[in-house]
2 protein chains.
Amino acid sequence: MTEKQENILRAALELFANEGFNATSTSKVAKHAGVSEGLIFRHFGNKEGLLQAILTEGENKLKDLLVDIVMESEPKEVVRKTILMPTRVDASDYNFWKLQYKLKWELEVSNDKKMEPLIMALTNAFQKLEYSDPVMEAELLTIIVDGIGASVLKGSKLEIGQMTSFLMKKYKV
Amino acid sequence: MTEKQENILRAALELFANEGFNATSTSKVAKHAGVSEGLIFRHFGNKEGLLQAILTEGENKLKDLLVDIVMESEPKEVVRKTILMPTRVDASDYNFWKLQYKLKWELEVSNDKKMEPLIMALTNAFQKLEYSDPVMEAELLTIIVDGIGASVLKGSKLEIGQMTSFLMKKYKV
DNA sequence: ATTGAGTGAGTGAGTAATTACATATATTTA
DNA sequence: TAAATATATGTAATTACTCACTCACTCAAT
């Protein structure tokens, strides 16, 4: 991966995440990356291929967050770590996560399947903690965490630290 | 409002909601509405004006949902009605709501301000119900309801009826 | 006669993508 | 080692096409 390729990916990520995929032209990406437009197509085939390269590169970021939770055996810790997920997102990865949320609505590309292990782990944890409806509890908590993540990325006034500690108290973890 | 104007608005709403604002061309809207492209600009000035016309027309739909909750004096009813909000969305309004969610990410147009009366009402209700942190409780419930709404519109496998009755049991309302 | 709704070909500015061409870096050959 | 060849990396100009928007025009109802 040459330096120019990295420049292209970095520029594309920033523009796609902040202006949107459709609203960002390849010429804009090229200018932003300090590179000729043709180079984008040489390396990534087409605009869609450029997006895919960004997505697969960032896929591990999601996996890294999830594996730590799914591998946890202590049920209370599973819940606690899930609640804390939004706080563990590195600021340098903001653009990647923003892009994920944007694409869910712009191209109807979701990663529900990648979240399934988390839901399974949560269901299991709530069962061990003897909640009466573990399946719904797991579903609910993922909705909450997803919503908090969205708030953070949209720069909402919601104080994330306050909300997470409030949740940990509520779930007694 | 002539029939052709209504046709334009209806076509634009459907296309903007399902394909996205940027991804929908004005010529596509015109074709879909059975109207010349020029007519769109005569009536709505520009593409942005067309979007605004749709948004202001639909603004009352949100107001109608909220006023019923905010005017409620019984605290348990406030919580109950909030939880039931996603189920009360008429199927004929799906496109409008989908557009709302899409625009939040595509154009960073949010209606946080319009939700504030709901948050106030919820805070007040949780206070009367003697929850220890009514502000956070209100914030949390709006996040949950927002997330459930999003799931419904995205056609997720989440069973909305199950989730709402689960929540009503959880909140004892 | 005037007005306002409605038309559709036309406009320049972009759009994604391709092209022909240039340079740098290996790899092979003499 | 040095020259010759091949391959990867890059560019600028150009392609065919789409975009939001305009404009001169028609037509029906006052």
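The sequence lines fix the lettering, A, B, ..., with proteins before strands; numbering per chain opens at 1.
With a 4.5 Å cut-off between side-chain heavy atoms of Ile, Leu, Val, Met, Phe, Trp and Tyr, the cluster of B/Ile119 takes in none. Within the hydrophobic cluster formed by Ile, Leu, Val, Met, Phe, Trp and Tyr side chains joined at under 4.5 Å, directly or through other members, B/Val67 is accompanied by B/Val70, B/Met71.
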Q. Could you run down nucleotides 13-30 of chain D 5' to 3' and tag each one B, S or - for protein heavy-atom contact under 4.0 Å?
A. ------SBBB--------

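Among residue pairs with one or both ends in residues 149-161 of chain A, those qualifying as salt bridge (charged side-chain N to carboxylate O under 4.0 Å, His left out) are A/Lys157-B/Glu139; sequence neighbours excluded. Applying the ring-ring contact (aromatic ring centres under 6.0 Å, His included) test to residues at least two apart or on different chains, the pairs with a partner in residues 2-37 of chain A are A/Phe16-A/Phe21.
With respect to the salt-bridge test (charged N to carboxylate O, under 4.0 angstrom), the residues A/Lys102 and B/Glu108 qualify.
One can place CG of A/Leu39 at 17 Å from P of C/dT23, the figure rounded to the nearest angstrom. A/Gln5 places its CD atom 7 Å from the P atom of D/dG10, with the value rounded to the nearest Å. Distance CD (A/Glu3) to P (D/dG10): 9 Å, rounded to an integer number of Å. The separation between B/Ile40 atom CD1 and C/dG6 atom C1' is 12 Å, rounded to whole Å. Atom-to-atom, CG of B/Asn7 to P of C/dT7 comes out at 10 Å; the value is rounded to the nearest Å.
The side chain of B/Lys4 places an N or O atom within less than 4.0 Å of a non-bridging phosphate oxygen (OP1 or OP2) of C/dT7. Of the side-chain N and O atoms in A/Thr2, one or more sit less than 4.0 angstrom from OP1 or OP2 of D/dG10.
With sequence neighbours left out, A/Lys114 forms a salt bridge (Lys or Arg N to Asp or Glu O under 4.0 Å) with A/Glu59.
Listed nucleotides D/dT11, C/dA5, C/dT7 differ in distance to B/His43; the shortest reach to its side chain belongs to C/dA5.
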